[in-house]
Amino acid sequence: MAEVKDILSHYPSNYKQSAVIPLLDLAQQQHGGWLLVSAMNANAIYSPHWNLLAHEIFYVIRGSARVQVVNDNGETIFDDEVRQGQLFIVPQNHAVLQKAIDNQGFQYVAFKTQDNAIINTMAGRTSVLRALPDDVLANAYQISQEEARMLKYSRQEILVLSSSSSS
């Protein structure tokens, strides 16, 4: 109960409803996880992905990140920093990339608007790139066949891609 009072103390009396997301995070932490809460270390990247059949709503719990969202025509519709306490929405079929940018890393709660949403990643072990023939990737990116294979198979992570350096 003390933690709830602490969270509520950060909000004026006429804005207590704004504490809903931080309180849901507390509930998730205390009761075994019923919301998607993702935490990333500094400089980590959440695999670029898009959702079929659902919009995705993010609420930033801690830290900050650079977020880029592009539509299905490849046009940037959002490219900015998000910080603790902010909310952003990614429409279905729009690709999103998140990169933690401060020493606190980046932690958020995400909700999908549909229970049967399908996530498609563009990097990592479940990447859509793995379905493309090596010669298609080589021609598209003007790289060798070997480099195309490395692009497809070098990352074993599924969603959070770790940083190779601390810068």
Side-chain angles (χ1 to χ4, degrees), residues 21 25 28-29 32-167:
I21 301 295
D25 175 50
Q28 185 273 336
Q29 291 175 26
W34 50 274
L35 297 173
L36 170 64
V37 176
S38 185
M40 297 167 32
N41 294 327
N43 297 314
I45 295 175
Y46 193 87
S47 179
H49 69 281
W50 74 94
N51 290 294
L52 294 175
L53 309 174
H55 306 300
E56 195 164 14
I57 302 161
F58 295 85
Y59 178 78
V60 182
I61 299 169
R62 288 180 196 84
S64 61
R66 179 174 180 204
V67 174
Q68 297 172 294
V69 179
V70 298
N71 65 19
D72 55 356
N73 293 321
E75 301 162 335
T76 300
I77 63 167
F78 184 80
D79 184 359
D80 208 348
E81 182 178 331
V82 295
R83 301 172 194 260
Q84 181 176 336
Q86 292 183 317
L87 178 117
F88 64 97
I89 300 170
V90 178
Q92 68 177 336
N93 302 321
H94 285 59
V96 60
L97 171 110
Q98 301 136 301
K99 180 179 189 251
I101 57 175
D102 68 15
N103 292 336
Q104 292 182 350
F106 180 55
Q107 185 175 13
Y108 61 88
V109 178
F111 306 87
K112 293 194 182 353
T113 58
Q114 188 72 257
D115 287 342
N116 58 349
I118 300 168
I119 186 170
N120 294 283
T121 59
M122 291 184 254
R125 191 174 58 207
T126 59
S127 168
V128 297
L129 294 178
R130 288 199 175 191
L132 297 174
D134 293 348
D135 59 331
V136 170
L137 282 175
N139 288 330
Y141 291 106
Q142 297 297 300
I143 57 178
S144 71
Q145 294 274 338
E146 179 60 28
E147 290 170 316
R149 279 188 290 283
M150 287 176 49
L151 179 63
K152 287 171 62 170
Y153 300 113
S154 66
R155 300 300 297 229
Q156 293 305 307
E157 302 98 333
I158 295 175
L159 293 174
V160 177
L161 308 176
S162 58
S163 170
S164 59
S165 69
S166 60
S167 60

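Heads up: numbering here begins at 1 and tracks the sequence.
- Here the side chain of Gln92 pairs a donor or acceptor atom with the backbone of Leu53 at under 3.5 angstrom.
- Annotation: the span from Asn93 atom CG to Asn73 atom CG amounts to 11.5 Å, rounded to 0.5 Å.
- Put simply, the side chain of Leu52 reaches to within 4.5 Å of the side chain of Asn120, judged on heavy atoms.
- Under the ring-ring contact (aromatic ring centres under 6.0 Å, His included) criterion, Phe88 pairs with Phe58, sequence neighbours left out.
- Summarising the geometry, atom CH2 belonging to Trp50 is positioned 10.0 Å from atom CD1 belonging to Ile119; distances are rounded to the nearest 0.5 Å.
- Residues that satisfy the side chain to side chain contact (heavy atoms under 4.5 Å, CB included) test with Leu137, not counting sequence neighbours, are Leu129, Leu132, Tyr141, Ala148, Leu151, Lys152.
- In this structure, CG in Asp134 is found 12.5 Å from CE in Met150, a value given to the nearest 0.5 Å.
- Under the rule for a salt bridge (charged side-chain N to carboxylate O under 4.0 Å, His left out), the partners of Glu146 that lie at least two apart in sequence or sit in another chain are Arg149.
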Review point. Passes side-chain contact (heavy atoms from CB on, under 4.5 Å), His55 versus Val90? Steps please.
Key: CA-CA 6 Å; His55 306 300; Val90 178; over 6 Å; no
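- Atom CD1 of Ile57 is separated from atom NZ of Lys112 by 10.5 Å, given to the nearest 0.5 angstrom.
- Ala54 and Ala117 make their closest contact through CB-CB, 3.4 Å (heavy atoms, listed as atom of the first residue, atom of the second, distance).
- Closest heavy-atom contact between Ile61 and Gln84: O-CG, 3.0 Å.
- Exactly one of Gln98, Lys99, Arg66 qualifies for a side-chain contact (heavy atoms from CB on, under 4.5 Å) with Ile45. That residue is Lys99.
- At least one side-chain heavy atom of Val82 sits less than 4.5 Å from a side-chain heavy atom of Phe106.
- Here the side chains of Val70 and Glu75 are not in contact, with every heavy-atom distance at 4.5 Å or above.
- The CD atom of Gln68 lies 4.5 Å from the CG atom of Asp79; values are rounded to the nearest 0.5 Å.
- Counting non-hydrogen atoms of other residues, nucleotides and ligands closer than 6.0 Å to CG of Asp135 gives a total above 12.
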